[in-house]
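Below is one structure, written out as structure tokens, with a few remarks after it.
Each chain gets a letter, A, B and so on, in the order its sequence line appears, and its residues count up from 1.
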Protein chains: 2
Amino acid sequence: MKILVVEDDQFHASFLQGVIAEALPEVTETLHVQDGLQGEAAARAGRFEAVVMDLQMARRNGIEAARTIWHERPRTRILFWSNYSDEAYLRGVADIVPAHSAYGYVLKTASRERLKLVLRAVLLEGQVMMDREIQRLRRRNASPRHSLSQSEYAVLLDLALGLQDRLIAERQGLSLRTVQNRLLTLYDKLGVNGEEQALPGLNKRVRALSRAISTRTLNLEMLETAQHDLECWLAARPADEKAPPTQRGDGAL
Amino acid sequence: MKILVVEDDQFHASFLQGVIAEALPEVTETLHVQDGLQGEAAARAGRFEAVVMDLQMARRNGIEAARTIWHERPRTRILFWSNYSDEAYLRGVADIVPAHSAYGYVLKTASRERLKLVLRAVLLEGQVMMDREIQRLRRRNASPRHSLSQSEYAVLLDLALGLQDRLIAERQGLSLRTVQNRLLTLYDKLGVNGEEQALPGLNKRVRALSRAISTRTLNLEMLETAQHDLECWLAARPADEKAPPTQRGDGAL
DNA sequence: ACAAATGCTGCGGGTTCCCGCAATTTCGAC
DNA sequence: GTCGAAATTGCGGGAACCCGCAGCATTTGT
């Protein structure tokens, strides 16, 4: 059995390799790379079927790397091993995991014993397993009180990038008013309206982004991914939509 | 010589203790605690004069802990040891370091040899020392093209918290128009105006926050600290400023 | 000492945002 | 097939925001 470790912190990596050697004696070869890009290349070249992946890495983060790996070989078993239990990461992982794939999510604060257990369960036996903390967060989000639907989350991303209503509407294929309704429910679910009545001087738009970040609904990685997506979308968008009132340049003057 | 280590990642902490034992044989006692609160208490009780401090920790971050430590014993020598070179951290550290205090800033990616060197220089000889990368960032910010002045940064924090112009003005003791001027220069320095002319559909206010975060001018820790400061300021603010147009309740109607 | 530069402020207008009201559509349930 | 809840859209108004213009105050350079 071959295993690929994608982790940019050398201390964590060496600790992890020790635990792997201890928990999975059937491993014959482990390769350690430092970031997502190298991880993609290594997975492609080495045909690994078991991967341990950090999420926050320099050149390409773990979610994007996992997406391309799963895109090429959907049966790869991936264990995400991260410092943080941000909702943004959970959502990112949930968005890309293929049906029937084995994966897991463990926090770096987990005990050595727990890590060994999860390593065997996910990488060897192909189960789906999550840290206790992760499960708890996931259940909390299942209640529709505070959880964001897929489309609400998309609007939140656009808001976070600084698009104004009209552009969000165009990008999501909705009417202006609907976007504003979505924003209303966002303000509600993020708790902006609750604060507003205690302190009536808030800019709800900014406050929503601020709260999304401090509650870890959004994080830096997801923001950068969204920014990249936006640039792709802009490049693909026909140019004539940019300026409906074509003012000058056609012939005269 | 006694030394205090404040670090919540156990792997990093044990690595650090190894390096300390190697680099500073004159150390007679090292105490390791897991977060800022414990760090403050330990520094108070143990009268340490040398501290190695992580920045990103669970209960209280390194900057706040360092502030109270320095407030109680300004001659304490503190070496900050962090994963990130965010401008927000640099600014936070620069804001609290007392005059004539010895301190340093090293990245966790620094080599073992470099860490040993800085440990001796700062904690033993009382010099001021920074990582190469940190120096570079600091020089870049010295050029007034992109760097934010103290007051501009304060306005950026208020903006990031979601205050609207009027409240920012009140909080900073400025007129409304001046706040808006500050915002203009902020938009400029954060590059919002540059993007605006390429893509004319941006909400500058949100975009400014978005860029401040993705360029690491702001980060989650500083946002939370600012939020806390805001709540303190709100509590201290006289209540009658909240509603200038007193509409009802005074006798007749 | 004078001029230039920089920072702070008020005014006014054009735009965007927030959101209540109401009409219409969609969708699941019975 | 019908009913009711939820989602989607249009309209309109008041508030907040962006920003050019112009008048003072302070600071700086010569």
Side-chain angles (χ1 to χ4, degrees), chain A residues 144-145 147-156 158-197 199-211 242-245 247, chain B residues 144-145 147-156 158-197 199-211 242-245 247:
Chain A
R145 195 18 101 250
S147 90
L148 305 185
S149 75
Q150 196 70 26
S151 66
E152 284 164 348
Y153 187 74
V155 171
L156 174 59
D158 283 349
L159 179 148
L161 293 174
L163 306 187
Q164 41 188 182
D165 296 357
R166 189 162 23 86
L167 259 188
I168 301 179
E170 178 187 342
R171 187 148 182 240
Q172 303 290 332
L174 301 171
S175 86
L176 202 73
R177 190 64 180 87
T178 303
V179 169
Q180 293 171 339
N181 275 336
R182 286 258 159 74
L183 290 177
L184 285 190
T185 74
L186 271 181
Y187 299 154
D188 224 22
K189 290 186 176 176
L190 291 171
V192 176
N193 283 324
E195 295 175 316
E196 169 78 7
Q197 78 185 142
L199 165 64
L202 291 183
N203 180 313
K204 304 203 170 187
R205 215 157 229 270
V206 180
R207 187 65 186 168
L209 173 53
S210 186
R211 279 198 63 81
K242 291 180 189 176
Q247 60 276 59
Chain B
R145 196 16 98 249
S147 91
L148 305 186
S149 75
Q150 196 71 25
S151 66
E152 284 164 349
Y153 187 74
V155 171
L156 174 59
D158 284 349
L159 178 148
L161 292 174
L163 306 188
Q164 44 188 197
D165 296 357
R166 187 162 25 84
L167 259 188
I168 301 179
E170 178 188 342
R171 188 148 182 240
Q172 303 290 332
L174 301 170
S175 85
L176 203 78
R177 191 60 182 87
T178 303
V179 170
Q180 293 172 339
N181 275 337
R182 287 262 158 73
L183 290 176
L184 285 189
T185 74
L186 271 180
Y187 298 155
D188 223 22
K189 290 186 176 175
L190 290 170
V192 175
N193 283 324
E195 295 174 317
E196 169 77 8
Q197 79 183 142
L199 165 64
L202 291 182
N203 179 314
K204 304 203 170 188
R205 212 158 232 267
V206 179
R207 188 63 186 169
L209 174 54
S210 186
R211 281 197 61 81
K242 292 180 187 175
Q247 59 277 61

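- Protein chain A touches strand DNA chain C; the 5'-most and 3'-most nucleotides with an atom under 4.0 angstrom of its non-hydrogen atoms are C/dT16 to C/dC21.
- Looking at which nucleotide of DNA chain C each of A/N193 and A/R166 is closest to, the 5′-most match is held by A/R166.
- In this structure the side chain of B/D158 reaches within 4.5 angstrom of the side chain of B/R171, judged on heavy atoms.
- Of the possible polar contacts, one joining the A/E152 side chain to the A/S149 backbone as a donor-acceptor pair under 3.5 Å is found.
- Rounded to the nearest 0.5 angstrom, B/S151 OG and B/R182 CZ are separated by 3.5 Å.
- Not counting sequence neighbours, the partners of A/R207 by the salt bridge (charged side-chain N to carboxylate O under 4.0 Å, His left out) test are A/E195.
- The salt bridge (charged side-chain N to carboxylate O under 4.0 Å, His left out) search around B/E196 returns none, not counting sequence neighbours.
- Bracketed by its first and final contacts, the part of DNA chain D lying under 4.0 Å from non-hydrogen atoms of chain B reaches from D/dA16 to D/dC21 in 5' to 3' order.
- The backbone N or O of B/G162 lies less than 3.5 Å from no partner atom in the side chain of A/S210, so there is not a single donor-acceptor pair.
- Across residues 171-181 of chain B, B/R177, B/Q180 each have a non-hydrogen atom less than 4.0 Å from an atom of DNA chain D (numbered order).
- The shortest distance between side-chain heavy atoms of A/L167 and B/L199 falls below 4.5 Å.
- The bend of the helix from C/dA1-D/dT30 to C/dC30-D/dG1, defined by the angle between the axes of its first five and last five pairs, stands at 40° to the nearest 10°.
- Taking every heavy atom of both residues into account, A/S147 and A/K189 meet most closely at O-NZ, 3.0 Å.
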